[in-house]
There are 2 protein chains.
Amino acid sequence: MTEQANHHLLLIDDDFNLGQLLKEYLEIEGFKLDTAHNGADGIAKAEKDYDLILLDVMMPDMSGFEVLKIIRQKKQILTPVLMLTAKGDEMDRVLGLELGADDYLPKPYSHRELVARVKALIRRSQMDMSPEQKQIHLDVGGIELDTSTHSAKAEGNILELTTTEFKVLQTLMIEANKVVDKNSLNLAALGRRIEAYDRSIDMHVSNLRKKIQAVAPDLQRIKTIRGVGYMFTDEENAAEEQE
Amino acid sequence: MTEQANHHLLLIDDDFNLGQLLKEYLEIEGFKLDTAHNGADGIAKAEKDYDLILLDVMMPDMSGFEVLKIIRQKKQILTPVLMLTAKGDEMDRVLGLELGADDYLPKPYSHRELVARVKALIRRSQMDMSPEQKQIHLDVGGIELDTSTHSAKAEGNILELTTTEFKVLQTLMIEANKVVDKNSLNLAALGRRIEAYDRSIDMHVSNLRKKIQAVAPDLQRIKTIRGVGYMFTDEENAAEEQE
DNA sequence: AGACCCGGTAAAGGTTGGGTAAACCGTTTT
DNA sequence: AAAACGGTTTACCCAACCTTTACCGGGTCT
């Protein structure tokens, strides 16, 4: 399934039918969509923390531009806004962009295009969100990991990891010696919440362990905390500490 | 911790509204922002010692390029300049870089993105690591590249590269042994963000590899990091190094 | 002990990112 | 105007990768 990690969108549009339609399409894609059918309501709802706002330019009570302006003034500076407008009106576009819209979609648009843009914007905003998270170098208990080179080593031997495995390892190492519950790990590594019967993360951990062990047979750093999650452990793996 | 140590920015842009908006959210981020609403004023104010200058390409009295040129002539060669350009204008980008802009941001940009880039530039300039451009001669792992002659060689053999291919190679080589994510590469080489279903950069990489290999069959320096981007690798490509 | 739950993992299945040829298109050159 | 050139888009394909399924074993609860 094309899970969108439960991204939460807000649609501000007076057209009720269109709203229903979009809702359906976007929910098929795994987004959650709230709707506001007039500017005032939209502004109110925009206080909440959405991942993206879809804003129609033409509405009866107030124009999309006014709405946008107010939303931006209300400290919702960071939420991406995608403006929907009736005609390929260049003026609209320029105006919208200068007021801080992040993208602009002229009607008529295909659902496919809408979805593509929504995804693109969300991806972009999430990338921007982690500015400092870029350069990480971790070196714990014989395992090294470096985000800039996207490489990992166990006792000096290069680990050929997939991106997901890399993220799993990174997440666990950042929280070294602390338990990371399965849901958080899933979220961090796969970008979505864990679902019923979802064994995906277990598989990745399994594969990760396998790869580490193929290269450093004595290193057993990833410990299972039954019923909770996993933990990257520092201590020599002294099988079980009795105490 | 979001304190930006009172970095002082100058925005040169004729659009008053946009200026206000930018001012607001950059100040939220802890920057101080002065504004100039035309080229002449901008040049005058740029005499002062700002940490960074934001410069709009399109202004009524004179183009951003002229402004940039004059600022650079006036000994303000060290202040980083971030150019704000209209969407995906290739000419703008090339011209800007040749005149010594340090980065450029195509509209539409998210506020997040702007802030991220401003921070990145300031950080970079404080480390006094100039990012791109200037007279660069690179020689890494059997491949040579020289911006002043705009020529590149692989194991001594001249590579006939297009401008874009050259830029791609340059970008990757500057960041040798580090992953360059697709979006950054796109931005650096093509001057615009990557869009949904945008395969352009892949094609350039593909062509570049082809040209290198035509001349030096053993050199496989450009590595793909699936789901992330590309990396120029130093090490002998020796597929997998064992033990 | 029996029933249940959770996690390990092999194998199968499904999805997708990226390589690349070729068509397309706007510019520049001849 | 034709040809050349370079960038972009389209389309197809495959291997890499992620997810699901299924089975198993050990731990835990009653």
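Here is how names work: the chains are called A, B, and so on, in the same order as the sequence lines, proteins then strands, and each is numbered from 1. Because the structure is a prediction, the values reported are computed rather than measured.
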#### Entry: Qualifying ring-ring contact (aromatic ring centres under 6.0 Å, His included) pairs, either residue in residues 174-211 of chain B, two or more places apart
none
### With B:Lys211 via side-chain hydrogen bond (donor to acceptor under 3.5 Å, both in side chains) - residues at least two apart
B:Glu165
### Query
What residues form a side-chain hydrogen bond (donor to acceptor under 3.5 Å, both in side chains) with B:Asp198, not counting sequence neighbours?
B:Arg192
### Query
How close do A:Gln213 and A:Leu219 get, heavy atom to heavy atom, and via which atoms?
NE2-O, 3.2 Å
### Task
Could you say whether A:Tyr197 or B:Glu165 is positioned toward the 5' end of DNA chain D, judged by the nucleotide with the nearest heavy atom to each?
B:Glu165
### Summary
Rounded to whole Å, NZ of B:Lys167 lies from P of D:dG6 at a distance of 18 Å
### Query
Is any side-chain nitrogen or oxygen of B:Thr162 closer than 4.0 Å to OP1 or OP2 of D:dG7?
yes
### By side-chain hydrogen bond (donor to acceptor under 3.5 Å, both in side chains) - contacts of B:Ser151 (at least two apart)
B:Thr149
#### Entry: A:Asp102 bridged to B:Arg193 by N-O distance under 4.0 Å
no
## Note on the structure
Whole-Å distance, B:Ile222 CD1 to C:dT20 P, equals 11 Å
### Task
Return the set of residues passing side-chain contact (heavy atoms from CB on, under 4.5 Å) with A:Asp34 (not counting sequence neighbours), or none when no residue passes.
A:His8, A:Leu10, A:Lys48, A:Tyr50
### Query
What nucleic acid atoms does A:Ser200 come within less than 4.0 Å of, heavy atoms only: base, sugar-phosphate, or nothing?
base
### Query
What is the distance from NZ of A:Lys211 to P of D:dC18, rounded to the nearest Å?
8 Å
### Query
When the distance from CD of B:Glu195 to P of D:dT10 is rounded to whole Å, what number comes out?
11 Å
### Query
Which whole-number value in Å describes the distance from A:Leu190 CG to D:dC18 P?
8 Å
### Task
Enumerate the residue pairs fulfilling ring-ring contact (aromatic ring centres under 6.0 Å, His included) with a member in residues 168-192 of chain A, sequence neighbours excluded, ordered by first and then second residue.
none
### Message
Can you give me the bend angle of the helix from C:dA1-D:dT30 to C:dT30-D:dA1? Use the axis through the first five pairs and the one through the last five, nearest 10 degrees.
### Response
30°
### Query
How many Å lie between CD1 on B:Ile194 and P on D:dT8, as a whole number?
11 Å
### Message
Quick check on DNA chain D: between B:Ile201 and A:Leu161, whose nearest nucleotide comes earlier from the 5' end?
### Response
B:Ile201
### Query
Can you name the nearest heavy-atom pair linking A:Val168 to A:Ala189, along with the distance?
CG2-CB, 3.6 Å
### Query
What pairs with A:Asp13 under side-chain contact (heavy atoms from CB on, under 4.5 Å), at least two apart in sequence or on another chain?
A:Leu11, A:Asp15, A:Leu18, A:Asp56
### Task
Sugar-phosphate atoms are those with a prime plus P, OP1 and OP2; base atoms are the rest. Using that split, label each nucleotide of nucleotides 4-13 of chain C B, S or - for protein heavy atoms under 4.0 Å, 5' to 3'.
-BBBBBBB--
Nucleotide N/O to protein N/O under 3.5 Å, stretch nucleotides 26-30 of chain C:
none

### Task
Please check the phosphate of D:dC17 (OP1 and OP2 only) for any side-chain N or O of A:His204 closer than 4.0 Å.
no
### Summary
Applying side-chain hydrogen bond (donor to acceptor under 3.5 Å, both in side chains) to B:Thr224 and not counting sequence neighbours gives B:Arg209
### Query
Rounded to the nearest Å, what distance is computed from the CD atom of residue B:Gln220 to the P atom of nucleotide C:dG19?
13 Å
#### Entry: Nearest-angstrom distance from the residue atom NZ of B:Lys223 to P of C:dG18
14 Å
### Query
Got a sec, which pairs hit ring-ring contact (aromatic ring centres under 6.0 Å, His included) with one end in residues 135-170 of chain A, sequence neighbours left out?
A:His150-A:Phe166
